Trainee: 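Below is a structure I'd like to ask you about.
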Amino acid sequence: MTEHDELIHQAELFVQQELSGEASGHDWWHIERVRNNALVIAAKEHADVVVCELAALLHDIADEKLNESKEAGLDKVRGWLRDHTDDQELAGRVMEIISTMSYNGGNNPPMTTLEGQVVQDADRLDALGAIGIARTFAYSGAKGRIIHDPGLSDEAQAQEDYRSNHKTAIYHFYKKLLKLKDLMNTPYARELAEQRHAFMEQYLEQFYREWTVRD
């Protein structure tokens, strides 16, 4: 086993310990899917696989939704890297990706490295399609959000903070998920996003048909 293989293995154990059973859709299995997405995209786009895999594994350890603050989450990742690798260049590249890849209401600047683009695309792909739909409702339930309320206008919900619990699960599709296809960084991720995006559009059509059914 190489040094990098051991580092990846230790990262897996750490993330499984921290996130297994996490009920908002940011659990170990989300991490595993993002890691797998990242590896596939990295191979297609000729990115550094070690950087992509390690950043994909650790990215939600720093998520501010799962920590007291964004900085607290970043400190947790930074500390883990400091304790597990002497490769400061690798640690720095991973930290740069993790600290800048969040959607943040679409307000973050573009990723500056190919590896950052790959990991961001991999994470965004898991917010699309059938998995993305399931994660949306899991997160909404964990935060006490209702599924849908036709009486709440898009304008009123748009005035709320991006992560406000006063928004509905269905509104999240329009606020974020349906925008992600056009925000993919890499050509291969854009290909993968097309089918998942189309599936969500079909789901919403069916949702509204069932919502408005009359005897």
Side-chain angles (χ1 to χ4, degrees), residues 1-104 108-128 131-132 135 180 183-193:
M1 181 178 287
T2 69
E3 180 181 344
H4 284 155
D5 289 339
E6 177 61 22
L7 183 61
I8 293 297
H9 177 61
Q10 291 300 319
E12 291 174 341
L13 296 177
F14 174 56
V15 176
Q16 288 171 0
Q17 176 182 326
E18 291 289 316
L19 298 182
S20 289
E22 205 286 321
S24 73
H26 298 81
D27 60 355
W28 160 250
W29 296 112
H30 163 65
I31 301 298
E32 173 76 345
R33 292 190 302 271
V34 172
R35 185 254 294 270
N36 291 338
N37 286 338
L39 290 174
V40 171
I41 300 169
K44 289 281 188 179
E45 303 296 339
H46 308 292
D48 186 314
V49 173
V50 173
V51 173
C52 291
E53 185 171 14
L54 190 56
L57 283 169
L58 295 172
H59 79 279
D60 267 350
I61 295 296
D63 194 314
E64 63 183 307
K65 296 188 294 295
L66 308 179
N67 291 279
E68 293 180 3
S69 66
K70 180 177 181 179
E71 193 54 44
L74 291 172
D75 284 344
K76 188 184 296 184
V77 177
R78 195 177 291 113
W80 187 89
L81 288 167
R82 184 174 56 248
D83 292 342
H84 288 83
T85 181
D86 294 324
D87 189 337
Q88 296 305 306
E89 180 186 1
L90 173 60
R93 294 173 72 185
V94 168
M95 285 304 304
E96 179 184 2
I97 292 170
I98 292 175
S99 64
T100 57
M101 65 179 281
S102 174
Y103 181 70
N104 193 29
N108 276 354
M111 303 299 288
T112 59
T113 66
L114 175 59
E115 289 72 26
Q117 293 173 356
V118 166
V119 178
Q120 187 178 64
D121 283 352
D123 188 36
R124 288 176 172 179
L125 279 170
D126 207 53
L128 298 177
I131 292 291
R135 291 182 66 224
L180 294 179
L183 295 175
M184 292 294 166
N185 301 290
T186 61
Y188 189 60
R190 285 195 287 273
E191 290 180 28
L192 296 176

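From a predicted model like this one, the values you see are computed outputs, not experimental measurements.
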Trainee: Determine whether more than 12 heavy atoms belonging to other residues, nucleotides or ligands lie under 6.0 Å from atom CG of Asp86.
Mentor: no
Trainee: Return the minimal non-hydrogen interatomic distance between Ala62 and Ile98, and the atom names on each side.
Mentor: CB-CG2, 3.6 Å
Trainee: Drop me the distance from Arg190's CZ to Leu192's CG, to the nearest 0.5 angstrom.
Mentor: 11.0 Å
Trainee: Residues in side-chain hydrogen bond (donor to acceptor under 3.5 Å, both in side chains) with Thr186, at least two apart?
Mentor: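 Applying side-chain hydrogen bond (donor to acceptor under 3.5 Å, both in side chains) to Thr186 gives Asp121.
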Trainee: Please name all residues satisfying side-chain hydrogen bond (donor to acceptor under 3.5 Å, both in side chains) with Thr113, sequence neighbours left out, ordered by chain then number.
Mentor: none
Trainee: Show me the donor-acceptor pairs within less than 3.5 Å that the side chains of residues 39-55 make with the rest of the protein, sequence neighbours left out.
Mentor:
residue	atom	partner	partner atom	Å
Glu45	OE2	Tyr188	N	3.1
Asp48	OD1	Val50	N	3.1
Asp48	OD1	Val51	N	3.1
Asp48	OD2	Arg93	NH1	3.4
Glu53	OE2	Arg35	NH1	2.7

Trainee: Kindly indicate whether the side chain of Val94, heavy atoms from C-beta on, has any atom under 4.5 Å from the side chain of His59.
Mentor: no
Trainee: Is there a donor-acceptor pair closer than 3.5 Å between any side-chain N or O of Asn36 and the backbone N or O of Glu32?
Mentor: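 Here the side-chain-to-backbone pair exists.
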Trainee: In terms of relative ring orientation, are His26 and His30 parallel, tilted or perpendicular, with 30° and 60° separating the classes?
Mentor: perpendicular
Trainee: Shortest non-hydrogen contact from Ala11 to Leu58?
Mentor: CB-CD2, 4.4 Å
Trainee: Any idea which heavy atoms bring Gln120 and Thr100 closest together, and the distance?
Mentor: NE2-O, 4.3 Å
Trainee: Decide yes or no on side chain to side chain contact (heavy atoms under 4.5 Å, CB included) for Ile31 and Gln16, but give the supporting numbers first.
Mentor: CA-CA 9 Å; Ile31 301 298; Gln16 288 171 0; over 6 Å; no
